Amino acid sequence: MTYQKLKGTADILPGESEKWQYIESSARDILKQYQFKEIRTPLFEQFDLFARGVGETSDIVSKEMYDFYDKGDRRVALRPEGTAGVVRSYVENKLFAPEYHRPMKLYYIGPMFRYERPQSGRQRQFHQLGVEVFGSKNASVDVETMLLALDLFKHFQLTDLKLVINSLGSNESRQLYRKELIEFLEPHFEELSKDSKDRLYKNPLRVLDSKDKKDKEIVKGAPSILDYLDEDSKEHFESVKRMLTAMTIPFEIDTNMVRGLDYYNDTIFEIITTNPKFGANATICAGGRYDSLVEEVGGPSTPAFGFGFGLERLILMLEHMGFDYPVSSLLDAYVVTIGEAVNEEAAKLTHELRQNGLSVEREFMSRKPAKQFKTADKLNARLVFTIGETELKERKVRVKDLTSGLENEVDLEELYTRFSEVYPTLLKSLEKEGE
RNA sequence: GCGAUUGUGGCGAAGUGGUUAACGCACCGGGUUGUGGUCUCGGCAUACGUGGGUUCGAUCCCCAUCAGUCGCCCCA
């Protein structure tokens with residue numbers, strides 16, 4: 001084998017691609033219900049956009065970015081997530097202008113890239129669906145968007161899901177909390193894991209969701225970020241909780257939940273599967289509020305809320321629960337050819353049938369009729385049109401209904417010129433008595 | 001970045017330090033010259049990831065490398 005796909009990439013082949021189409025179109029339907037509009041942004045951007053937007057200290061930027069220099073010596077990066085590019089586009093195209101309806105609700109579906117070791121539910125090129133809402137600080141935006149996420153998963157009949165929320169407060173209150181947290185952790189410095197030691201001063205909140213057993217023990221006694229929220233953040237979070245409760249949406253609060261990306265404030269959330277098969281990949285959807293990113297990227301101060309989830313993981317989940325994808329194997333007709341002489345007429349017949357809206361496949365390999373019927377059967381064809389030298393001479397074609405087993409013949413010219421009259425009659429003649 | 005495990009024809013899967021490397025599926029052809037899930041007979045194929053080494057000889061032993069899978073870190 002001369003060439004092979006790069007590590008962490010995948011070919012989505014027929015059989016698999018139908019699943020993707022189904023998921024994407026279902027998701028688009030729901031997004032439409034919620035009045036989200038699609039936005040398509042480039043797969044690569046200036047490196048700095050991601051570095052700044054996602055956060056320099058995040059793992060994504062520090063070690064997982066797929067970046068390179070182009071021929072113009074520009075440092076570019078394949079997008080590791082969707083938000084930064086959408087925010088850039090929002091700002092660059094001035095979508096904050098007064099003529100646009102506010103808030104602006106956008107979604108995207110597409111490939112993302114992260115340079116890391118592939119494993120179950122994780123690839124270097126993977127796909128995410130994400131949404132961003134710009135221009136409203138209203139807590140009901142938080143709630144609506146979380147409900148949308150839940151709704152998307154509900155649509156695929158996913159169970160074992162859990163909505164977990166937390167609040168990071170305002171940037172100011174978080175600074176305060178950060179200081180307190182460092183003070184709390186410092187006495188335990190030597191007991192902390194290596195990763196946590198590194199993070200203590202760079203991004204101490206990350207220590208909170210450390211997977212290390214000892215860290216977890218230490219963190220148990222840490223102050224809760226919720227105690228440091230200022231009045232606005234407190235009320236915002238209360239409002240979110242009230243609405244969720246009023247709508248009887250079950251949720252949990254995890255005060256130790258933080259974000260790998262640095263731009264969040266106030267409400268953050270995750271949707272987690274409790275299915276043990278997922279292990280470290282339990283989080284299937286994550287998002288939250290990011291009120292300062294737009295400004296950070298050069299736009300006017302604009303509150304925003306969004307989330308993203310990985311389609312590979314969604315498909316994996318559906319696989320685990322044995323989801324039945326609706327089969328769309330509709331083949332109206334298979335054209336059987338007998339003898340080389342009919343090749344051209346078969347081409348015409350196939351074309352005419354397709355012009356009249358039928359989904360048609362034909363025989364190209366000139367196999368014997370029995371094999372062709374077998375194929376028609378396998379492809380789940382409704383009808384088989386048989387054309388051989390006899391039919392060609394008589395300008396007719398035999399038509400068999402594979403369900404009823406009945407066969408009839410029809411004049412070729414009539415079929416070509418008066419299809420809408422001939423075809424229904426033909427179908428009727430092939431129906432079994434009493435059905 | 002770290003660890004474990006695997007790599008045989010299109011797919012699945014046996015196997016051995018030594019003449020022609022099983023089998024199943026799929027595919028193709030035949031079973032009175034033109035009709036469909038079954039049965040039967042036959043055929044098919046650039047198969048032992050790649051590069052070294054050990055050996056008289058390696059698909060099977062050793063090393064490296066690439067790739068897959070899984071786990072850790074982190075994340076979707």
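From a predicted model like this one, the values you see are computed outputs, not experimental measurements. Here is the naming used below: chain letters follow the sequence lines, and residue numbers restart at 1 for every chain.
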task = Would you check if the side chain of E144(A) reaches a backbone N or O of V141(A) as a donor-acceptor pair within less than 3.5 Å?
result = no

request  = Answer yes or no: does atom CZ of R52(A) have more than 12 heavy-atom neighbours from other residues, nucleotides or ligands under 6.0 Å?
outcome  = no

request  = Mind checking E116(A) for me? I need base, sugar-phosphate or nothing, with any heavy atom below 4.0 Å counting as a touch.
outcome  = base

key: Salt bridge present between E363(A) and K371(A) (N-O < 4.0 angstrom)   = no

message = For A76(B), is there a stacking contact with F309(A), counting only centres under 5.5 Å and planes under 30°?
response = no

request  = Please name all residues satisfying salt bridge (charged side-chain N to carboxylate O under 4.0 Å, His left out) with E81(A), sequence neighbours left out, ordered by chain then number.
outcome  = none

query = Roughly how many Å is it from CD in E363(A) to C1' in C27(B), rounded to a whole number?
reply = 13 Å

task = Step by step, work out the salt bridge (Lys or Arg N to Asp or Glu O under 4.0 Å) result for R395(A) and E345(A).
result = CA-CA 10 Å; R395(A) 301 301 298 159; E345(A) 191 63 39; 3.2 Å; yes

ask   = Taking atom C1' in both G37(B) and A76(B), what distance in whole Å separates the two?
value = 43 Å

Below 3.5 Å between N/O atoms, which protein atoms pair up with nucleotides 38-45 of chain B? Just atom names and distances, please.
none

inquiry  = Show me the dot-bracket string of RNA chain B, counting Watson-Crick or G-U pairs under 3.5 Å, with | for pairs to another strand and [ ] for crossing ones.
reply    = (((((((..(((.....[....))).(((((.......))))).....(((((..]....))))))))))))....

query = For RNA chain B, whose closest nucleotide is more 5', that of Y115(A) or that of G308(A)?
reply = Y115(A)

request  = Run the salt-bridge test on K220(A) and E217(A) with the 4.0 Å N-O cut-off and return the result as yes or no.
outcome  = yes

message = Whether E16(A) and K19(A) form a salt bridge (side-chain N of Lys/Arg under 4.0 Å from carboxylate O of Asp/Glu) is what I want to check.
response = yes

task = Can you sort out the partners of F184(A) under side-chain contact (heavy atoms from CB on, under 4.5 Å), two or more places apart, ordered by chain and number?
result = H188(A), I218(A), A222(A), P223(A)

Toward the 5' end of RNA chain B, by each residue's nearest nucleotide, D377(A) or R199(A) = D377(A)

Could you write out each protein N or O paired with an N or O of nucleotides 66-70 of chain B at a distance under 3.5 Å?
residue, atom, partner, partner atom, Å
G68(B), OP1, G8(A), N, 3.4
G68(B), OP2, K7(A), NZ, 3.3
C70(B), OP1, S120(A), OG, 3.4
C70(B), OP2, S120(A), N, 2.9

message = Mind checking if A376(A) touches a base, just sugar-phosphate, or nothing, with heavy atoms under 4.0 Å?
response = nothing

Which protein N or O atoms sit under 3.5 Å from an N or O of nucleotides 28-33 of chain B?
residue, atom, partner, partner atom, Å
C28(B), OP1, R367(A), NE, 3.2
C28(B), OP1, R367(A), NH2, 3.3

